[in-house]
Amino acid sequence: MTGLFGRIGRGALNQLKAALEVSVLMVDTMVWLVVAPLKGLGFRWRNSVESFVEYGVRSLPIVAMISFLIGVIIALQASYTLDQWGANRYIADLVAVSALRELAPLMTAILIAGRCGSAITAEIGTMKVNEEIDALVVMGVNPNKYLVAPKFLAMVTAVPSVTALAMLVMIIGGWASSVFVVGVETEIYVTQTIGAIVEKDLLTGMVKSVFFGVAICWVGVYRGFQVEGGAEGVGRQTTASVVTSIFLIIIVDLVFTVLFYYV
Amino acid sequence: MESKESVIVVEDLVVAYGDHVVLDQVNFTVEPGEVFVILGGSGSGKTTLLRTLVGLIEPRSGRILFNGQDFTAMSGEELTAIRRKMGMCFQGAALLGSLSVADNVALPLREHTKLEESTIDIMTRIKLELVGLGGVEDYLPSELSGGMRKRAGIARAMAMDPVIIFYDEPSAGLDPIVAAGLDELIRTMQSTFNLTSVVVTHEMESVKIIADRVCVLHNGRVAGIGSMNDLETTDHPYIQQFFARLPDDSDIADPEYAKSLTNID
């Protein structure tokens, strides 16, 4: 019994310690991102743009392809039910609203977490194993300024940007299967889509995607700094990074969905 | 031994990981312009000592004075200012793998100075020429040999013209010729720039060539400090054993027992 309480206590303390470390990381990143440039301490813009290209531009092909296919699938699945009521024209409404509010932000975030969150962990973890992080510290270069802040800015701008494109492509996917398979007219599909979307749908999706970006970046960075013990440690934390990111993405999604439900 | 001019003064330093005390009541000074070698066997705490000296590990108690200022009590910009006066060459060189050799050397200059890119370029070339690495500016660290990487690491450590430079196992993993070249480079840096150097090593051959003074660590405590001549004549059993390269009795297996295990007559 004592052992059980001991394990619970240790587990709680470890979680508390992790929460504290993440909080320190968050505050320090925000200082280097917002306060330091105002004080003339500089910001690595070039590095941030390079990271944006990596997280955003290079994620476009896979995100666009998956979004298109999901659009096709939702339209066909919707038709399965709506066809019975002769309501196939409402496929457009369903695709548009679910793409904007839920599926485009979620799919984009999960794909970027798998593609880039893991890469951030692997990069920082390998640097830690090779003492490159220590080298930065000894040179008087803050690793959060040098590594984290540029990545953070890139991620919180890349995820919403790619999400916006994913929303559009998902609607196009829905249109393709509605028009070519189900037989809905293009004009009706477009009219229904425009009529279905309200400002709040877009806002919901975009706000979520910004926070998905925050979660992906901080989990990736935190897991990277947690790496211990060589290549095996890098592998372990990289896997943990993807799992934690996806879990957090779902939690953030739930929180904002509930929030926007009442607001 | 302590004097006002000492670059580094270590006072009653204790470093521990949890309950495990790695360094216990360590005291020594490093004088300007000398090559001070920290010598010890595996697990003696020498790398921990070096990492504490550069501020990578926080001591449990004790003080480290850098030019008279208590390094252990500093944080933030004050600490960064002190670190600009230090250079460190890591065991594996720790060059940033994503940057070219020149960008690695230029990194501290770009981060800490507002020099023009053309000036940084010239300074980088000078530092690389200094360590015998002219012409490899555009190479990535992965394209260099182990010895070249360490030289590039020294060039980066020298970038900000430090007051003191720390070397972690400079000859580890290198062939004798390359290792001898690095020893010579350490001596050249010291004599050319009157650069204070702290070297952590267990290579006796290197120590004989580079050391002005040696601090021998044993089980986290200072077993002796002095010149090589002083230490060679000391009666401390561990130092005698270390210098004579004798194994511990417990490390030698009984040949008869080993044979009985393998059934070989």
Side-chain angles (χ1 to χ4, degrees), chain A residues 10 13-14 17 24 27-28 31-32 35-37 39-51 53-54 116 119-151 154 224-225 227-231 234, chain B residues 17 47 50-58 71 74-99 103-114 117 141-142 149 152-154 156-160 162 164-169 198:
Chain A
R10 265 193 300 278
L13 280 176
N14 284 339
K17 186 169 165 261
V24 170
V27 172
D28 209 31
V31 167
W32 284 109
V35 183
K39 285 168 76 180
L41 292 171
F43 183 77
R44 299 181 71 226
W45 293 105
R46 189 193 161 100
N47 191 263
S48 199
V49 171
E50 284 169 1
S51 296
V53 170
E54 181 57 39
C116 308
I120 292 175
T121 304
E123 182 191 341
I124 293 180
T126 309
M127 287 183 77
K128 197 179 170 209
V129 169
N130 292 338
E131 294 186 307
E132 292 172 38
I133 304 282
D134 288 341
L136 286 173
V137 173
V138 174
M139 281 189 279
V141 179
N142 188 303
N144 286 346
K145 177 201 174 190
Y146 191 83
L147 292 169
V148 184
K151 285 180 175 31
F225 281 119
V227 166
E228 299 283 350
V234 176
Chain B
Y17 299 122
T47 298
L50 190 77
R51 292 173 71 81
T52 312
L53 288 179
V54 295
L56 288 172
I57 298 173
E58 210 172 311
F71 184 70
M74 289 180 188
S75 61
E77 285 175 26
E78 210 178 12
L79 189 61
T80 306
I82 290 278
R83 279 184 167 140
R84 286 179 204 173
K85 296 176 187 169
M86 295 177 170
M88 168 122 177
C89 181
F90 286 82
Q91 190 172 344
L95 298 170
L96 270 63
S98 55
L99 301 181
D103 285 338
N104 263 287
V105 178
L107 187 117
L109 297 168
R110 290 196 178 118
E111 289 295 318
H112 296 310
T113 69
K114 296 194 186 302
E117 236 356 83
S142 57
R149 272 204 288 273
I154 295 173
R156 186 178 65 184
M158 291 291 293
M160 294 290 289
I164 186 167
I165 186 162
F166 298 88
Y167 301 88
D168 187 10
E169 303 272 10
V198 176

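All chains are named by letter (A, B, ...) in the order of the sequence lines, taking the proteins before the strands, and each is independently numbered beginning at 1. Computed from a predicted structure; not experimentally measured.
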CA sep, side-chain torsions, deciding dist, call: A/Val138, B/Phe90, side chain to side chain contact (heavy atoms under 4.5 Å, CB included): CA-CA 10 Å; A/Val138 174; B/Phe90 286 82; 3.9 Å; yes
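In this structure, chain A has no heavy atom under 4.5 Å from any part of B/Lys85. Within the 4.5 angstrom heavy-atom criterion, only side-chain atoms of B/Leu99, from C-beta onward, approach chain A. Of the atoms belonging to B/Ile82, not a single heavy atom falls under 4.5 Å from chain A.
For the residue pair B/Ala94 and A/Ala135, the shortest heavy atom distance occurs at O-CB, 3.8 Å. Smallest separation of non-hydrogen atoms from A/Glu132 and B/Leu96: OE1-CA, 3.4 Å.
With a 4.5 Å cut-off on side-chain heavy atoms, A/Glu131 and B/Arg51 count as touching. Between B/Met160 and A/Met139 there is no side-chain heavy-atom pair separated by less than 4.5 Å. You'll find the side chain of B/Leu107 reaches within 4.5 Å of the side chain of A/Tyr146, heavy atoms only.
The residue among B/Met86, B/His112, B/Met88 with the most heavy atom pairs within less than 4.5 Å of chain A is B/His112. In terms of heavy-atom pairs under 4.5 Å with chain A, the best-connected choice from B/Leu79, B/Thr80, B/Leu56 is B/Leu56. When each of A/Val137, A/Asp134, A/Val141 is checked for heavy-atom pairs under 4.5 Å with chain B, A/Asp134 comes out on top.
Going from atom CZ of B/Arg83 over to atom CG of A/Leu136 covers 11.0 Å, rounded to the nearest 0.5 Å.
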